[in-house]
Amino acid sequence: MPDDDRTRALAHGLQRVEERIAAACEQAGRTREEVRLIVVTKFFPAADVLRLHALGVTDIGENRHQEASAKIAELPSAARRDLTVHFIGQLQSNKAAHVVGYADVVQSVDRTKVVRALDRAAAAAGRECTVLLQVDLAGDDTGRGGAAPAELSDLAAAAGRAEHLRLQGVMAVAPLGGNAREAFERLRRIANEVRVNHPLATWISAGMSGDLEDAVLAGATHLRVGSAILGSRPPQR
Ligand SMILES: *Cc1c(COP(=O)(O)O)cnc(C)c1O
């Protein structure tokens, strides 16, 4: 295990987040095993991914294609094998083939065009790609991505038909300034509707540094936490 100040800071951040998750699970009457922590490493270097790996982190999230692809390529193969890489950023269909090259899970599928592009790319790579459908909970097209809830059943049908995609669930970001708990309860209902026709779509990815407790209370199975563990990043675009 690397023994440097940065590793100690990350260990401390992880421990605080684990405490928050444990408290929220207890409040929700859930076990810690029902919730998976994805550490969002965007803006931070491959060296931090390796430190997190040494600290026992199993899942990382990235949201920018070029940064992610370079960073994942830098990882030694043993660490790469241990980690599940989640792509959580907005995705152009012309980038889909490249994302399939390094991401194990694509959480931000919000158009049938992206479904088709990912399916073709996974077929060409000879593998299956796990996907989540991103839902726009704000309903005002604020540019954070996601399909409108009304479009979801068609999108789920397309993903379900795609031979090389495994439709595993839904993902969302809480609307800015809104009530996160209420938004995540809506996501839970949407996830239940998707599961009627797609019983294997059991994942609900919700909750970030500021609202992970709300997500756990609303049944999230995956949390995407960045700044509470890695510290603050430069402002985004
Ligand atoms: C950056 C990001 C996160 C993590 O956000 P923090 O507030 O740093 O925890 C989660 N989900 C998505 C989609 C992101 O882009």
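As the structure is a prediction and not an experimental result, all values here were calculated from the model. We count ligands from 1, going down the list as the structure has it; atoms in each ligand are counted the same way.
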Novice: Between Arg80 and Asp104, does any NZ, NE, NH1 or NH2 come within less than 4.0 Å of an OD or OE carboxylate oxygen?
Specialist: yes
Novice: Treating Asp211 as the side-chain partner and Met208 as the backbone partner, does any N or O pair qualify as donor plus acceptor under 3.5 Å?
Specialist: yes
Novice: For ligand 1, which atoms have a heavy atom of Asn63 less than 4.0 angstrom away?
Specialist: 15 (O)
Novice: Should Arg116 and Asp119 count as an ion pair when the cut-off is N to O under 4.0 Å?
Specialist: no
Novice: Following the transitive rule for hydrophobic clusters with a side-chain heavy-atom cut-off under 4.5 Å over Ile, Leu, Val, Met, Phe, Trp and Tyr, establish whether Val216 and Val40 coincide in one cluster.
Specialist: no
Novice: Hey, does Gly226 come in under 3.5 Å of ligand 1, counting only N/O atoms on both sides?
Specialist: yes
Novice: Can you sort out which atoms of ligand 1 are near Met208, meaning under 4.0 Å from one of its heavy atoms?
Specialist: 3 (C), 5 (O), 7 (O), 9 (O), 10 (C), 11 (N)
Novice: Using a 4.0 Å cut-off to any heavy atom of Lys42, which atoms of ligand 1 qualify?
Specialist: 1 (C), 2 (C), 3 (C), 14 (C), 15 (O)
Novice: Under 4.0 Å from a heavy atom of Val225: give me the atoms of ligand 1 that qualify, with their elements.
Specialist: 9 (O)
Novice: Heavy atoms only, cut-off 4.0 Å: how does Arg233 contact ligand 1, side chain, backbone, both, or neither?
Specialist: side chain
Novice: Which ligand 1 atoms, with their elements, are less than 4.0 angstrom from a heavy-atom of Ile88?
Specialist: 11 (N), 12 (C), 13 (C), 14 (C)
Novice: Within a distance under 4.0 Å of any heavy atom of Ser227, pick out the atoms of ligand 1 and give their elements.
Specialist: 6 (P), 7 (O), 8 (O), 9 (O)
Novice: Would you compute the distance between atom CZ of Arg127 and atom CG of Leu165 and round it to the nearest 0.5 angstrom?
Specialist: 10.0 Å
Novice: Do Arg32 side-chain atoms and Val35 backbone N/O form a donor-acceptor pair below 3.5 Å?
Specialist: yes
